[in-house]
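In what follows, a structure is listed as structure tokens, so that the remarks can point back to it.
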Amino acid sequence: MLQTFFNLDILKAAWPILLAGLGNTVLLSLVVVPLGLLGGLILSVLAGVRNPWVRWPLMAWVDFFRAFPPLVLLIFLFAGLPFAGLELGGFACVCIAFFLNTGAYYGEILRAGIESIPQGQIDAARSTGLGRLQTMIYVVLPQAVRNVLPDLLSNTLEVVKLTSLGSVVAMPELLFQARQAQSLTYNPTPIVLAALIYFVMLWPLVRLLSRLENRALARG
Amino acid sequence: MSNWDRFVETFFNAKVMAKYLPDIAYGMLITVELAALVIVSGIVAGLALALLRSLGFRAVNLLIVFVVDLFRSLPPLVIIVFIYFGLPAVDVSPSGFVSTWLSLALVLMAFSEEIFWAGITSIAKGQWEAARSTGLSYGQTLMNVVLPQALRLTIPPLTNRTIAITKGTALGTVVAVSEILGMASSAVSNSYNPSPLTLGAGAYLILFFPMVVFGRWLETRMRWKR
Amino acid sequence: MQLVVEARGIHKHFGALHVLKGVDLAVRERELVFVIGPSGSGKSTLLRCLNRLEQPSSGSLVVDGVDLLDPRTDINRARQRIGMVFQSFNLYPHKTALGNVALALRKVAGKSRAEADELGRAALARVGLADRAGHRPGELSGGQQQRVAIARAIALEPRVMLFDEPTSALDPELVGSVLGVMRNLRESGMAMVVVSHEMGFARNAADRVLFMDHGVVVEEGTPAAIFESPRQERTRAFIGQIQRH
């Protein structure tokens with residue numbers, strides 16, 4: 001069993017390949033997480049607009065991209081766009097798909113956070129002369145983000161795990177590299193190694209989240 | 001042909017869509033079957049783990065926490081790949097369908113255990129004490145006092161999480177499951193036209209959009225009652 | 001004497017509900033106007049109309065010479081001249097006491113950080129909390145929080161202060177500290193409009209008392225007139241009710 005799943009020779013050989021993959025996973029995460037947050041921020045601030053002509057399409061947009069499986073979106077962009085004459089590489093497709101998908105999720109989280117801020121805070125800020133945007137930036141958002149931090153972190157964890165989808169469109173991230181190594185050696189050790197790397201990398205965040213969630217529930 | 005017409009011809013080609021509609025419909029069936037299996041097995045397993053955890057045996061709990069952490073940290077696709085491509089090395093060859101089902105069910109089990117556990121522990125100790133002091137057994141207390149309250153708290157996050165994980169059925173494509181995306185992808189390469197993908201996307205939306213809207217409705221309803 | 005607040009014929013509808021039915025309110029410089037009345041009489045709504053937190057459905061409203069109902073008016077600039085204190089304090093929990101006071105000074109009045117801090121500390125000193133500048137709202141008692149809220153409003157040097165039931169959410173032993181600050185403000189010559197149940201304060205400090213019921217001003221006069229010899233039946237009934245406590 002050990003020879004199959006923990007073959008030391010293959011481990012040694014595959015390690016540099018997987019490390020490169022890990023680097024790409026990290027790089028990818030560093031790009032798509034801020035992208036998603038930005039998208040979410042825009043959506044959540046827009047959601048505060050009282051005009052129903054803005055709110056309903058916005059809600060439809062958010063629900064649309066929450067219902068659409070990210071892999072399908074990615075394949076749609078990757079395989080479909082060339083037919084429209086747009087040859088975007090795997091990286092660009094991943095960025096767009098993630099911006100749309102994770103933006104919707106971050107947007108919902110931030111929107112809930114913003115809505116949880118009592119009207120009194122806004123009243124107080126406006127009564128001292130702060131404008132609508134100033135109130136949002138200096139009074140509402142700081143509190144909203146603090147309130148939904150566990151959810152934001154949880155979603156960020158999901159986004160990092162989602163980068164593994166890049167392997168389907170040949171992005172050389174961790175899973176892709178592992179699969180390459182596995183098919184070359186006919187041995188599943190690289191995949192075990194990749195799983196281990198994911199676990200070691202993400203487990204601290206999972207533990208932190210668990211603790212935050214339990215603390216939040218104990219309080220309220 | 002105008003640009004718009006060309007766009008429609010390409011992405012909404014009626015002839016191509018009609019040709020592959022049966023395939024996509026078949027794919028929908030597979031997706032629904034897979035989703036149903038994942039949801040039922042994942043949630044039942046998660047609830048079982050949470051109830052097991054509530055018994056309070058240290059060693060058992062440590063094991064449960066480890067398993068839950070493991071399946072919360074690993075990307076579902078990695079688990080699928082491991083089961084499908086890795087296990088055959090020890091003469092266990094699950095089909096693509098089973099690999100996908102197992103992977104997603106394990107992930108849902110982990111997340112739902114956490115959610116159920118949070119729900120159970122959030123019920124104030126006073127509830128337990130009151131019930132036990134009237135003579136109710138552990139099991140009766142759990143069934144009649146704690147779980148009904150915990151369930152209320154857990155339904156919104158559980159619904160959201162279930163939808164998110166169930167969308168992962170699309171990952172089955174990677175291991176040749178004949179679900180929607182798989183069927184759509186091969187149709188696209190066979191017909192040199194992306195319309196089957198549009199059709200597939202539509203199929204997913206038909207399945208999941210109502211779920212998302214339902215989840216949103218559920219959230220607001222739970223909020224009022226509080 | 002100059003009129004700081006001149007509100008005429010203020011109506012406010014909330015959907016089908018007609019909450020304010022043509023209210024007039026004039027406040028002179030250095031005057032303390034007290035507004036009393038049963039719940040639902042529209043007192044809070046009237047107060048919130050005065051700085052346009054609620055938009056009046058109709059009427060005219062001129063504060064410190066500025067027509068607040070003119071859509072061209074820069075309401076944010078205008079609000080610097082009107083201070084408001086809320087029943088639930090509404091302090092920003094993520095900022096210190098000084099941070100609460102300094103925010104508008106920096107972002108609305110455009111003061112530099114140093115200037116804003118200095119003015120902020122001065123305002124906190126006026127309410128007796130200079131030593132709490134670095135504390136967060138969560139670390140302060142209710143009375144202290146409300147005093148910080150007052151400091152936050154007076155730091156911008158308003159021409160009139162609006163108080164919406166400032167002591168109703170406070171434990172009885174903390175009410176005195178807040179009323180003390182309000183008395184000091186009165187003595188320093190601030191025009192004030194106070195909605196409150198603190199009748200003792202009204203008797204001692206108010207220049208004029210308005211009794212409101214069902215969206216109209218039923219009677220107004222000096223504290224002595226309203227509390228001792230009310231002319232209207234409704235006023236008499238209300239005063240009678242609160243005396244019984």
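Letters A, B, ... mirror the listed sequences (proteins, then strands); counts begin at 1.
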Subject >> Which portion of Q134(A) sits near chain C, non-hydrogen atoms under 4.5 angstrom >> reply: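 Just its side chain gets close to chain C.
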Between [X] and [Y], is any pair of side-chain heavy atoms under 4.5 Å apart?
X: L165(A); Y: L175(A); result: no
X: I122(A); Y: V140(A); result: yes
X: I75(A); Y: V72(A); result: no

Original post:
So, the side chain of E165(C) versus the backbone of Q87(C): is there a donor-acceptor pair under 3.5 Å, distance only?
Top reply: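 Not a single qualifying donor-acceptor pair exists.
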**OP:** Please collect all side chain to side chain donor-acceptor pair (under 3.5 Å) contacts where either partner lies in residues 48-74 of chain A, sequence neighbours excluded, each pair once.
**Re:**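 Qualifying pairs, neighbours excluded: D63(A)-R66(A), D63(A)-R216(B).
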Original post:
Pairs in or reaching into residues 91-105 of chain A: which pass side chain to side chain donor-acceptor pair (under 3.5 Å), with residues at least two apart or in two chains?
Top reply: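 Listed by first then second residue: Y105(A)-K167(B).
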Subject >> Ring geometry between H18(C) and H13(C) (parallel below 30°, tilted from 30 to 60°, perpendicular above 60°) >> reply: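 Aromatic pair H13(C)/H18(C) classed parallel.
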**OP:** With chain A as the partner chain, list the residues of residues 40-55 of chain C whose heavy atoms fall under 4.5 Å from it, by residue number, and write 'none' if nothing qualifies.
**Re:**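 Listed by number, the contacting residues are R48(C), N51(C), L53(C).
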Original post:
Listed by residue number, which members of residues 91-110 of chain C have a heavy atom under 4.5 Å from any heavy atom of chain A?
Top reply: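 Under the 4.5 Å heavy-atom cut-off, L91(C), Y92(C), P93(C), H94(C), K95(C), L103(C), A104(C), K107(C), V108(C) qualify.
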**OP:** Please determine, by modelled atom types, if T156(A) and Y106(A) share a side-chain donor-acceptor pair under 3.5 angstrom.
**Re:**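 Result is yes, a qualifying pair exists.
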**OP:** Select one option (side chain, backbone, both, neither) describing which atoms of I82(C) are under 4.5 Å from chain A's heavy atoms.
**Re:**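 Contact with chain A is through the backbone of I82(C) alone.
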Original post:
Does atom CZ of F91(A) have more than 12 heavy-atom neighbours, drawn from other residues, nucleotides or ligands, at distances under 6.0 Å?
Top reply: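 No - once you tally the heavy atoms of other residues, nucleotides and ligands closer than 6.0 Å, there are 12 at most.
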**OP:** Evaluate whether atom CZ of R8(C) has more than 12 neighbouring non-hydrogen atoms of other residues, nucleotides or ligands under 6.0 angstrom away.
**Re:**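 Yes - once you tally the heavy atoms of other residues, nucleotides and ligands closer than 6.0 Å, there are more than 12.
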Original post:
Which residue out of P118(A), G120(A), P142(A) racks up the most heavy-atom pairs below 4.5 Å with chain C?
Top reply: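 Answer, by heavy-atom pair count under 4.5 Å with chain C: G120(A).
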Original post:
Do the charged groups of K161(A) and E158(A) touch, with an N to O distance under 4.0 Å?
Top reply: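 Judged by the 4.0 Å cut-off on N to carboxylate O distance, K161(A) and E158(A) do form a salt bridge.
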